[in-house]
Protein chains: 2
Amino acid sequence: MKQITKYIVKNSLKRIFLYRACLVRLKMMGVEKVFSYTLANETGVTSDQVRKDFSEFNIKGNKRGGYDINCLLEKMETIFHRNKDHNIVLIGMGNLGLALSKYSKFVQRNMNIVATFDIDPFKQKIRSDLPVYSMSRLKEIIDRFRVKVAILAVPEISAQQVADELIRYGIKGIVNFAPVLLKVPSDVIINNVNLCDELESVIYYVHNLIKADGLKNIELLYRDMKY
Amino acid sequence: MKQITKYIVKNSLKRIFLYRACLVRLKMMGVEKVFSYTLANETGVTSDQVRKDFSEFNIKGNKRGGYDINCLLEKMETIFHRNKDHNIVLIGMGNLGLALSKYSKFVQRNMNIVATFDIDPFKQKIRSDLPVYSMSRLKEIIDRFRVKVAILAVPEISAQQVADELIRYGIKGIVNFAPVLLKVPSDVIINNVNLCDELESVIYYVHNLIKADGLKNIELLYRDMKY
DNA sequence: TATATTTTGTGATTTGTTTCACATCAAATC
DNA sequence: GATTTGATGTGAAACAAATCACAAAATATA
Ligand SMILES: NC(=O)c1ccc[n+]([C@@H]2O[C@H](COP(=O)([O-])OP(=O)(O)OC[C@H]3O[C@@H](n4cnc5c(N)ncnc54)[C@H](O)[C@@H]3O)[C@@H](O)[C@H]2O)c1
Ligand SMILES: NC(=O)c1ccc[n+]([C@@H]2O[C@H](COP(=O)([O-])OP(=O)(O)OC[C@H]3O[C@@H](n4cnc5c(N)ncnc54)[C@H](O)[C@@H]3O)[C@@H](O)[C@H]2O)c1
């Protein structure tokens, strides 16, 4: 029970994802081991940071020998519970939901959208690899597939109500695309993805960059954009 | 030229977006002024944080009287250059690109996708509010509409090459949905949106949360998920 | 007009994160 | 097998962000 109390900060988690993507690429290229500075170069962080991050997750390499890519990837799989499959539900088969339902990378990473849901009977006829159910079957499916995580792609106005329903049926984590802050119990994880904000912040930085033209240490202006 | 050297950190920028969304909502409800703790309550941060953030952007309120919502919103518009319109191009009209091209919130925030592009002649026939051009017209459109920011929704494999092209034509900021780290000159802003990672991090936190069931200060586990 | 109250704005302090620096070890070389 | 070399791993130091605490100001009240 000890190490559970230790929480992992979003930024280092994000960097770990970066490292992993890079490792996968290197592996495909036939590379078998890496040094912290290889990963650092590829991902735009410092090698210290790479090692510190690894140490945070208790990942060990070989002094002088660097890290074995296979070991590294295996360790990461365990850390991220990727040996198991993860069943997901997707609510809202509008423009965005439809795109997400067709996204093949989720499956490649063992994250399976087992079913999608929409309130609109018309949407329920969408020809797709995935079934589109009416909301009345939500509980049944969540129970059957032991779903713990949901993707929420319904309009702003319905987001809270749908979230409440999901949580009532046992959902513990939501990736929320609606631009609202959901009110949820403290044992439910919400990850808000707000694409307007993402676009707007780029515009903001670009403008400042243009105004600051000629500034030496431009990277200071947007150093947190890195990942 | 003084204040330009001061960079704004992504987190405080994100919080400002939160405050703004909240202010817009309150305004619609007829509210005219707020206190830092009102905003704090609504957005789940502390009132100190709200005031510190405001002070970072040089936003002033009235001692005892709080903040006037209209002034606040106006100030924010200026800070975010929202008095001007911003022309955007969208590259890649696949599943995701199509959804994004139909997203009405961008326009509501003065961010106009003026044209979309795809290499696939078939995609160029998509019936949509927006024109879908072949890549050969990219330079022309970027010049004509003085576009500085692009949304990149092409496959991983083409992302770098398309980014290079965009930058060659003068694009200074990219919201990149392809799961690759683009190599770009230091005066170009990249904002990577990696939806797999977003989903996976929720799964990670949910799992740890379930394991840590009964832990007092659960919020520690995912405090950086807040916004 | 004086006093109490309430909220802002910001240095000071605490807390958190990254970078530095170097001991430690494993391999390569002599 | 001793010595050099080159990498890891991690406390210590430096830096950055969030919280605290309180003076200053504006309003309400007496
Ligand atoms: N389209 C985009 O590219 C995009 C980008 C970023 C964010 N978003 C956000 O994602 C959400 C969905 O956007 P969209 O463009 O797909 O909208 P949309 O209107 O195309 O789709 C919403 C879908 O949700 C369904 N729905 C509505 N109420 C529901 C309910 N109570 N239960 C179940 N389903 C319900 C609707 O029938 C519809 O099919 C919105 O909150 C939007 O702000 C969209
Ligand atoms: N579909 C999703 O929900 C989703 C979610 C997250 C991330 N992404 C990422 O977004 C990107 C697009 O995803 P998608 O699902 O829409 O893929 P897609 O294959 O449906 O669409 C990609 C589009 O890009 C076009 N294209 C390919 N090469 C091009 C080039 N050189 N120049 C211009 N256009 C080109 C293709 O013709 C196609 O229309 C991918 O990198 C994907 O990993 C997609």
Side-chain angles (χ1 to χ4, degrees), chain A residues 3 5-16 18-19 23 26 31-69 71-72 75-76 217 219-227, chain B residues 3 5-16 18-19 23 26 31-69 71-72 75-76 217 219-227:
Chain A
Q3 75 278 26
T5 6
K6 184 146 192 272
Y7 66 91
I8 299 298
V9 165
K10 201 180 177 188
N11 275 354
S12 62
L13 191 59
K14 276 208 177 172
R15 284 193 302 264
I16 294 274
L18 280 190
Y19 306 149
L23 289 166
L26 289 169
V31 183
E32 283 178 0
K33 64 179 192 178
V34 281
F35 303 119
S36 56
Y37 59 79
T38 326
L39 279 175
N41 271 346
E42 291 291 314
T43 54
V45 305
T46 67
S47 58
D48 301 308
Q49 185 79 79
V50 173
R51 295 202 302 280
K52 247 308 198 268
D53 286 338
F54 282 1
S55 117
E56 180 138 354
F57 284 89
N58 252 293
I59 292 173
K60 307 268 176 196
N62 315 302
K63 292 252 164 84
R64 174 130 201 199
Y67 302 84
D68 180 274
I69 290 187
C71 288
L72 222 42
K75 192 85 197 281
M76 287 179 180
N217 48 352
E219 66 275 7
L220 275 185
L221 275 168
Y222 67 103
R223 46 193 208 117
D224 283 320
M225 273 287 161
K226 265 190 304 208
Y227 25 75
Chain B
Q3 75 279 26
T5 7
K6 185 146 191 272
Y7 66 90
I8 298 298
V9 165
K10 203 181 175 188
N11 274 355
S12 61
L13 191 58
K14 276 209 177 171
R15 284 193 301 265
I16 294 275
L18 280 190
Y19 306 149
L23 289 166
L26 289 170
V31 183
E32 282 180 2
K33 64 179 192 178
V34 280
F35 302 120
S36 55
Y37 58 78
T38 325
L39 279 175
N41 271 346
E42 290 292 313
T43 55
V45 305
T46 66
S47 58
D48 300 308
Q49 184 78 78
V50 173
R51 294 202 304 279
K52 250 293 196 290
D53 286 337
F54 282 0
S55 116
E56 180 137 355
F57 284 89
N58 250 293
I59 292 173
K60 307 268 175 198
N62 314 302
K63 294 252 163 81
R64 173 134 202 194
Y67 302 85
D68 179 275
I69 291 186
C71 288
L72 222 42
K75 192 83 196 283
M76 288 181 179
N217 49 351
E219 67 275 6
L220 275 185
L221 275 167
Y222 66 103
R223 44 193 211 118
D224 282 320
M225 273 288 162
K226 262 191 305 209
Y227 25 73

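Remember, it's a predicted structure, so these values are computed and weren't measured experimentally. Computation of the quantities below employed the complete heavy-atom set of this structure, encompassing side-chain atoms and omitting hydrogens, waters and symmetry-equivalent molecules.
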_Value in whole Å for how far the P atom of C:dA21 lies from CG of A:Asp48_ = 10 Å

*Identify whether any heavy atom of A:Lys60 sits under 4.0 Å from a base atom; if not, whether one sits that close to sugar-phosphate; answer base, sugar-phosphate or nothing.*
sugar-phosphate

*asked:* Rounded to whole Å, please give me the gap between OH in B:Tyr37 and C1' in D:dT19.
replied: 19 Å

*Could you check how far NZ of A:Lys14 sits from C1' of C:dT18, rounded to whole Å?*
18 Å

*In whole Å, what is the span from the OH atom of B:Tyr67 to the P atom of D:dT27?*
15 Å

_Atom pair distance, as rounded to whole Å: CD in A:Glu56 and P in C:dG16_ = 13 Å

*Taking atom CG of B:Leu23 and atom CG of B:Leu39, what is their separation to the nearest 0.5 Å?*
5.0 Å

*D:dT8 C1' sits how many Å from A:Lys33 NZ, rounded?*
13 Å

*Considering only D:dT8, D:dT10, D:dA18, which nucleotide approaches the side chain of A:Phe35 most closely?*
D:dT8

*asked:* Heavy atoms only, 4.0 Å cut-off, all strands: where does A:Ser36 land among base, sugar-phosphate and nothing?
replied: sugar-phosphate

*Mind checking the NZ-OG1 spacing from B:Lys33 to B:Thr38? Nearest 0.5 Å is all I need.*
10.0 Å

*Specify the closest pair of heavy atoms between A:Ser47 and A:Ala40, including all atoms of both residues, with the distance to one decimal.*
N-CB, 3.5 Å

*asked:* When you measure from the side-chain N and O atoms of B:Arg51 to the phosphate of D:dC20, is any distance below 4.0 Å, counting only OP1 and OP2?
replied: no

*Determine whether B:Phe57 and B:Leu13 make a side-chain contact, defined as any pair of heavy atoms from C-beta on separated by less than 4.5 Å.*
yes

*Euclidean distance, atom CG of residue B:Asn11 to atom P of C:dT15 [Å, nearest integer]*: 20 Å

*D:dT19 phosphate, OP1 or OP2: any side-chain N/O from B:Thr46 under 4.0 angstrom?*
yes

*Can you list the steps and then say if A:Glu32 with A:Ile69 is a side-chain contact (heavy atoms from CB on, under 4.5 Å)?*
CA-CA 5 Å; A:Glu32 283 178 0; A:Ile69 290 187; 5.8 Å; no

*Chi angles and distances behind the side-chain contact (heavy atoms from CB on, under 4.5 Å) call for A:Ser36, A:Phe54*: CA-CA 10 Å; A:Ser36 56; A:Phe54 282 1; over 6 Å; no

*With sugar-phosphate meaning primed atoms plus P, OP1 and OP2, does B:Phe54 contact a base, only sugar-phosphate, or nothing at under 4.0 Å between heavy atoms?*
nothing

*asked:* Does either side chain, that of B:Tyr19 or that of B:Asp53, offer a donor lying less than 3.5 Å from an acceptor on the other one?
replied: yes

_Could you tell me how far apart B:Lys52 (NZ) and C:dT15 (C1') are, to the nearest whole angstrom?_
14 Å

*For nucleotides 24-30 of chain C, just jot down a letter per nucleotide in 5' to 3' order: B, S or -, based on protein non-hydrogen atoms under 4.0 Å.*
BBBB---

